[in-house]
Amino acid sequence: MQQILIVDDEPKITRLVSDYLEKAGFSVIVARDGREALMRARTERPDLVVLDLGLPEMDGLDVTRALRRDSGVPIIMLTARAEEADTVVGLELGADDYVTKPFSPRELVARVRAVLRRHEVDSGGELLRAGDLTLDLGRMRLDADGRRVDLTPTEFALVAAMARQPGRVFTRSQLLDAIHGVAFESYERAIDAHVKNIRRKLEADPRQPRYLLTVYGVGYRLTDA
């Protein structure tokens, strides 16, 4: 049974989310603040973290930074903040998705399932190649000209979606559909945040990308040369 860590200081929200996730077949553990979340993540090894950004003392962005220093665990952010900047920062720190409060518990469960699907290992071990990029789908591993590049599950899914059709121009909306696997009205700037992260890890000079290219006014494409 997959285990979900819920991090939120509002008991009503943790109870509601726990009930829906447990009915969906997940095991749930709860943390009330950031420090407890990090301790639980280290000891319990959850399969996914649902993380509120507006935590007391150590906020969700700090928790995300700490988790990403030594873990690739999928993270879905919960935010009641109106500012786009907080969501963008969270995604750039390595969060996989976000849900804005107030939210539908059923939508949150659907997003949890979608993110976990991206994180699951494909036992088939299919290889994709685009130029001198090689993606091992079974191991969720990306090599660029022989150099290993460590990506989060969502970042890997984004590159894999484009690597299936190298050279094709994808709109942000198409890329959101590709990585979610379900139809969500979502935040297209999330794609820009993920692309920024991927370039930081993949490109020798992220300001002059060689692999993941911008097509201005349209979206992005992966090099085919």
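The chain is numbered in sequence order, starting from 1. Reckoned from all heavy atoms, side chains included, excluding hydrogens, waters and symmetry mates. This is a predicted model, so every value here is computed, not measured.
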S.K.: If you compare all heavy atoms of Pro153 against all heavy atoms of Gly72, which two are closest, and at what distance to 0.1 Å?
M.R.: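 Looking at all heavy atoms of both residues, the closest pair is CD-O, 3.7 Å.
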S.K.: Which pair of heavy atoms, one from Pro46 and one from Val73, lies closest together, and at what distance?
M.R.: O-CG2, 3.5 Å
S.K.: What about Leu16 and Leu78, same hydrophobic cluster or not, with Ile/Leu/Val/Met/Phe/Trp/Tyr joined at side-chain heavy-atom distances under 4.5 Å?
M.R.: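 Linked within one cluster.
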S.K.: Let me confirm one number: the OG1-CG distance from Thr64 to Asp62, rounded to the nearest 0.5 Å.
M.R.: 8.5 Å
S.K.: For a side chain to side chain contact (heavy atoms under 4.5 Å, CB included) check, start with the C-alpha distance between Gln3 and Ile29, then their side-chain angles and the critical distance, and finish with the verdict.
M.R.: CA-CA 7 Å; Gln3 184 169 250; Ile29 52 177; 3.8 Å; yes
S.K.: With side chains defined as the heavy atoms from C-beta onward, is the minimum distance between Val109 and Leu21 less than 4.5 Å?
M.R.: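 With C-beta onward as the side chain, the pair touches.
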S.K.: Would you call Arg68-Asp96 a salt bridge at under 4.0 Å N-O?
M.R.: yes
S.K.: Using 0.5 Å steps for rounding, measure from the CD1 atom of Ile198 to the NZ atom of Lys196.
M.R.: 13.5 Å
S.K.: Is it true that Ser104 and Arg111 share a donor-acceptor pair across their side chains at a distance under 3.5 Å?
M.R.: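 No, because no side-chain N or O of Arg111 sits under 3.5 Å from a partner of the opposite role on Ser104.
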S.K.: When rounded to the nearest 0.5 angstrom, what distance separates CZ in Arg15 from CD in Glu10?
M.R.: 11.0 Å
S.K.: Minimum heavy-atom separation for Ala41 to Leu5, with atom names?
M.R.: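 Heavy-atom minimum between the residues: N-CD2, 4.1 Å.
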S.K.: Hey, are the side chains of Asp52 and Asp9 touching, using non-hydrogen atoms and a 4.5 Å cut-off?
M.R.: yes
S.K.: Between Asp145 and Arg147, does at least one N-O distance fall below 4.0 Å, as a salt bridge requires?
M.R.: no
S.K.: Using the rule that two of Ile, Leu, Val, Met, Phe, Trp, Tyr join whenever any of their side-chain heavy atoms come within less than 4.5 Å, decide whether Val28 and Ile13 are in one cluster.
M.R.: yes
S.K.: Is there a path from Leu133 to Val169 through hydrophobic residues (I, L, V, M, F, W, Y) whose side chains come within less than 4.5 Å of each other?
M.R.: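 No: no chain of side-chain contacts under 4.5 Å links Leu133 to Val169.
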S.K.: Is there a donor-acceptor contact under 3.5 Å from the side chain of Gln174 to the main chain of Thr171?
M.R.: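 Side chain of Gln174 to backbone of Thr171, a donor-acceptor pair under 3.5 Å: yes, one is there.
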S.K.: Please say whether the positively charged group of Arg168, taken as NZ for Lys or CZ for Arg, lies over the ring of Phe170, i.e. under 6.0 angstrom from the six-membered ring centre and within 45 degrees of the axis.
M.R.: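 Yes, Arg168 sits over the ring of Phe170.
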S.K.: Flag the pair Val63 / Leu38 as yes when at least one side-chain heavy-atom distance between them is below 4.5 Å, and no otherwise.
M.R.: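 Yes, side chains in contact.
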S.K.: Is there side-chain contact between Ile4 and Val50, with heavy atoms separated by less than 4.5 Å?
M.R.: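 A side-chain contact exists here, since the closest heavy-atom pair is under 4.5 Å.
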S.K.: Decide whether Tyr20 and Leu108 are clustered together by the hydrophobic rule: side chain heavy atoms of Ile, Leu, Val, Met, Phe, Trp, Tyr closer than 4.5 Å, transitively.
M.R.: yes
S.K.: If you measure only the distance, is there a donor-acceptor pair under 3.5 Å linking the side chains of Glu155 and Asn197?
M.R.: yes
S.K.: Side chains of Leu158 and Phe156, heavy atoms from C-beta outward: is any pair under 4.5 Å?
M.R.: no
S.K.: Verify side chain to side chain contact (heavy atoms under 4.5 Å, CB included) between Glu203 and Leu212, making sure each step is shown before the conclusion.
M.R.: CA-CA 8 Å; Glu203 306 284 358; Leu212 183 45; 4.1 Å; yes
S.K.: Could you tell me if the side chain of Phe26 sits less than 4.5 Å from the side chain of Arg113, heavy atoms only?
M.R.: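 Sidechains of Phe26 and Arg113: in contact.
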S.K.: Above 12 or not: heavy atoms from other molecules or residues under 6.0 Å from CZ of Arg106?
M.R.: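 No.
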S.K.: Passes side chain to side chain contact (heavy atoms under 4.5 Å, CB included), Val195 versus Arg199? Steps please.
M.R.: CA-CA 6 Å; Val195 166; Arg199 283 177 172 164; 3.8 Å; yes
S.K.: What closest approach, in Å, do Ala193 and Glu92 show between heavy atoms, and which atom pair accounts for it?
M.R.: CB-CG, 3.7 Å
S.K.: Check whether any side-chain heavy atom of Leu48 sits under 4.5 Å from a side-chain heavy atom of Val112, and report yes or no.
M.R.: yes
S.K.: Are Asp8 and Arg32 ion-paired here, with the side-chain N under 4.0 Å from a carboxylate O?
M.R.: no
S.K.: Does Arg35 CZ have over 12 foreign heavy atoms under 6.0 Å away?
M.R.: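 Open: at most 12 neighbouring heavy atoms sit under 6.0 Å from CZ of Arg35.
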S.K.: Taking all non-hydrogen atoms of both residues, which atom of Met58 and which atom of Ala66 are closest, and how far apart?
M.R.: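 Heavy atoms only, the tightest pair is CE-CB, 4.3 Å.
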S.K.: Salt bridge or not for Asp150 and Lys201, using N-O below 4.0 Å?
M.R.: no
S.K.: Report the C-alpha distance between Leu213 and Leu222 in whole Å, list the side-chain angles of each, state the deciding distance to 0.1 Å, and finish with yes or no for side chain to side chain contact (heavy atoms under 4.5 Å, CB included).
M.R.: CA-CA 6 Å; Leu213 308 176; Leu222 200 64; over 6 Å; no
S.K.: Measure the OG-CD1 distance between Ser18 and Ile6 for me, rounded to the nearest 0.5 Å.
M.R.: 3.5 Å
S.K.: Can you tell me how far CG of Leu91 sits from CG of Asp192, rounded to the nearest 0.5 angstrom?
M.R.: 10.5 Å
S.K.: Can you see which heavy atom on Val7 is nearest to which on Asp33, and at what distance?
M.R.: CG1-O, 3.9 Å
S.K.: How many angstroms lie between CZ in Arg221 and CD in Gln165, if you round to the nearest 0.5 Å?
M.R.: 13.5 Å
S.K.: Side chains of Arg141 and Leu135, heavy atoms from C-beta outward: is any pair under 4.5 Å?
M.R.: no
